[in-house]
Number of protein chains: 2
Amino acid sequence: MTKTPTLADVARRAGVSTATVSRCLNAPERVQRETRERIEAAVAEIGYSPNFGARALAAKRTDTIGAIVPTLENSVFARGLQAFQTGLVAQGMTLLLASSAYRPDLEAAQIRTLVARGADGLLLIGHERDPALYDFLALHRVPVLVAWVYDPSEPRPSVGFDNKAAMAEMTAAVLAQGHRRLATISGHTRFNDRTRDRVAGVRAAMAAQGLDPATLTVIETPYGIETGARAMADLMTAPHPPTAVICGNDVLALGALRQARAMGLRVPEDVSITGFDDTELSTVADPPLATVSIPHGEMGARAAIMLTEMVRTGAQPDSVALPCVLRLRGSLGPVPRAA
Amino acid sequence: MTKTPTLADVARRAGVSTATVSRCLNAPERVQRETRERIEAAVAEIGYSPNFGARALAAKRTDTIGAIVPTLENSVFARGLQAFQTGLVAQGMTLLLASSAYRPDLEAAQIRTLVARGADGLLLIGHERDPALYDFLALHRVPVLVAWVYDPSEPRPSVGFDNKAAMAEMTAAVLAQGHRRLATISGHTRFNDRTRDRVAGVRAAMAAQGLDPATLTVIETPYGIETGARAMADLMTAPHPPTAVICGNDVLALGALRQARAMGLRVPEDVSITGFDDTELSTVADPPLATVSIPHGEMGARAAIMLTEMVRTGAQPDSVALPCVLRLRGSLGPVPRAA
DNA sequence: TCGCTCGATGAAAGCGCTTACATGACGACT
DNA sequence: AGTCGTCATGTAAGCGCTTTCATCGAGCGA
């Protein structure tokens with residue numbers, strides 16, 4: 001069992017000092033061409049690759065970015081994360097990933113873990129969390145970028161979209177179809193500013209049309225097809241069922257859609273259903289799901305660039321708002337005559 | 001700007017040596033109760049947390065596990081990964097994640113990156129890759145666990161399922177419905193043993209029924225709803241269209257389903273369609289998709305335990321086969337009379 | 001009481017790399 | 001010729017932790 005080669009081995013072999021080898025690896029332009037070639041040859045010959053711990057210790061950075069998402073179960077975050085990861089790789093960074101199962105306590109633990117693991121920066125979803133966590137991050141000088149929301153009033157930079165405005169736009173489209181009895185199936189709004197903003201968007205759009213936002217029925221439930229279906233069942237068996245159900249995301253909406261079918265309700269003739277996210281599945285549903293399309297790829301890519309910049313320069317960039325676009329598909333139709 | 005506290009600060013404060021503090025952190029039972037309490041108090045007071053780089057350098061491990069999946073775009077890998085990540089956290093490990101976009105060259109680059117980033121072990125999807133990569137990993141003494149397949153004949157341990165057998169089972173179910181003109185929409189089989197095994201499974205089942213496997217029409221295409229739809233269009237406009245289309249995964253199948261609907265074909269009356277993976281979307285499709293259910297969660301959780309064990313003890317565990325189960329849903333029906 | 005063992009702790013040597021600073025060679029300018 | 005700046009490289013001091021080995025008492029059997 002021979003030892004793994006070190007910088008010193010390379011230096012010896014190339015007949016230079018370790019400093020030169022280090023420079024050759026980190027800033028090749030600062031060493032003469034001839035020397036560089038000699039070093040590169042030595043590296044190749046003995047199969048050297050730098051020791052991560054030593055590098056991290058000496059350089060005080062790991063070139064590693066942490067991200068904590070609520071879940072990977074559905075493709076809601078997976079797509080943005082994919083773009084984020086790809087973007088990081090392009091910047092020479094690596095992704096440390098954790099998930100919180102939508103639980104603030106687990107998220108807090110993960111934040112601490114990732115920082116302890118040497119994450120140079122952190123991507124978090126949504127602004128809302130215990131201020132102590134932000135203090136902790138400030139103490140450790142770990143820059144944070146918040147994604148999936150855009151809120152310039154928050155002290156931290158974010159990259160995402162205006163959940164409230166997007167949902168208001170969708171609601172306006174629903175109202176334009178003549179619907180007046182609306183219901184919303186939402187994720188839990190506690191600890192979750194995205195879901196809360198979306199519900200607020202529905203209410204805002206109603207108010208803008210002179211409707212009383214208090215008449216909106218809201219069911220909160222964990223994200224999931226099954227839970228969406230159950231919520232739908234509750235809504236439609238109530239005394240005055242809504243004519244349109246605005247769901248907080250596509251997964252809930254697909255559950256609602258399935259449930260409607262199971263109850264013999266036609267969509268959109270008997271009830272309209274809308275989603276949020278535009279996961280690729282929404283086009284496969286029957287009828288295809290009307291939803292709000294979110295720029296996952298753009299958001300992930302931008303996040304990678306912004307966060308890398310923050311880590312490297314310490315800069316505090318401006319928040320970036322990305323546009324959402326309405327996809328008005330078959331699951332949204334005019335209000336039924338009888339209603 | 002005060003410096004972040006170090007082990008030495010804790011030691012000074014607690015009136016002990018750094019060695020004792022280190023022991024207290026890593027093997028608390030080896031230091032006397034009273035001393036331990038003093039140290040713990042000091043840690044809390046000055047808000048100490050260990051430096052990752054230093055620890056990695058001195059201990060020669062990072063408690064970090066790397067994983068490289070082909071993509072996060074769809075939920076095929078996301079669900080297993082979610083379980084894997086959760087399992088790792090339970091073992092005190094952290095996940096370094098990369099994706100390869102199904103490209104062997106990118107995967108190779110990612111493998112090198114993750115090793116350079118100090119991954120103690122690696123989770124890879126499928127066995128097939130350049131042997132030089134396995135040499136590289138052996139050289140760096142990084143244990144590898146292969147997931148999403150089960151193949152005890154390979155030299156490396158794997159945790160997953162027998163893709164060929166599972167697909168053969170599904171095909172047998174299709175044949176049992178009287179279908180004889182079959183087609184398969186598959187992911188690319190080059191560099192991908194999973195897809196290849198699945199196609200082989202279809203052929204094996206045909207042979208078992210005395211059919212000529214050569215009569216199977218196979219279309220290879222990248223994974224995606226659109227590509228699945230296009231493949232379906234090609235299949236159904238050919239001279240002798242199949243009566244059943246067996247897809248290599250759910251995403252392709254959902255694309256095929258959508259295309260069938262677009263072409264005015266009824267499923268399963270005119271054509272049957274089956275998938276593979278049992279993503280949660282398959283129950284939402286109309287008709288619900290017949291598919292092979294894969295134990296994502298179990299696989300991810302087992303992988304986390306096995307790989308942690310490999311890293312900690314250097315053991316080479318036996319491969320683990322997990323059972324798949326057929327979900328025969330509405331998209332599979334009897335062969336049409338006219339066919 | 002003596003000699004031992006054993007458990008708790010300390011001293012100190014790295015782990016492999018980065019980087020501030022020192023050195024020396026070489027031109028260019030005065 | 002003397003001075004200075006520049007560039008390529010070397011020297012060496014850490015970075016903060018783990019771990020080996022040594023030390024020191026206390027407890028214990030003879």
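Here the structure is a predicted model, which means the values were calculated and not measured. To find a chain, count down the sequence lines: A is the first, B the second, and so on, and within it residues start at 1.
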Report yes if at least one side-chain N or O of [X] is closer than 4.0 Å to OP1 or OP2 of [N]; otherwise report no.
X     : N      : value
B:T35 : C:dT9  : yes
A:T6  : C:dC15 : no
B:N26 : D:dT18 : yes
A:S22 : C:dT18 : yes
B:T20 : C:dG10 : yes

Round to the nearest Å and state the distance from [X] atom [atom1] to [N] atom [atom2].
X     : N      : atom1 : atom2 : value
B:N51 : C:dC17 : CG    : C1'   : 13 Å
B:Y48 : D:dG16 : OH    : P     : 10 Å
B:R30 : C:dG7  : CZ    : C1'   : 10 Å
B:R23 : C:dA8  : CZ    : P     : 10 Å
A:L25 : C:dC17 : CG    : C1'   : 10 Å
A:E37 : D:dA8  : CD    : P     : 14 Å
A:E29 : D:dT9  : CD    : C1'   : 15 Å

Does the [X] side chain pair with the main chain of [Y], one donor and one acceptor, at a distance under 3.5 Å?
X      : Y      : answer
A:S22  : A:T18  : no
A:S99  : A:A101 : no
A:T20  : A:V16  : no
A:D193 : A:H127 : yes
A:R38  : A:A14  : yes
B:S319 : B:S158 : yes

Looking at B:F191, is B:R129 sitting on its ring face, NZ or CZ under 6.0 Å from the six-membered ring centre and within 45 degrees of the normal?
-> no

Nearest to side-chain heavy atoms of B:A19, which nucleotide of D:dT9, C:dT18, D:dT19 = D:dT19

Describe the nucleic acid contact of B:V21 in one word from base, sugar-phosphate, nothing, applying a heavy-atom distance below 4.0 Å.
->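 No contact.
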
Please list, by residue number, the residues of residues 52-63 of chain A whose heavy atoms come closer than 4.0 Å to an atom of DNA chain D; answer none if no residue qualifies.
-> A:L57, A:A58, A:K60

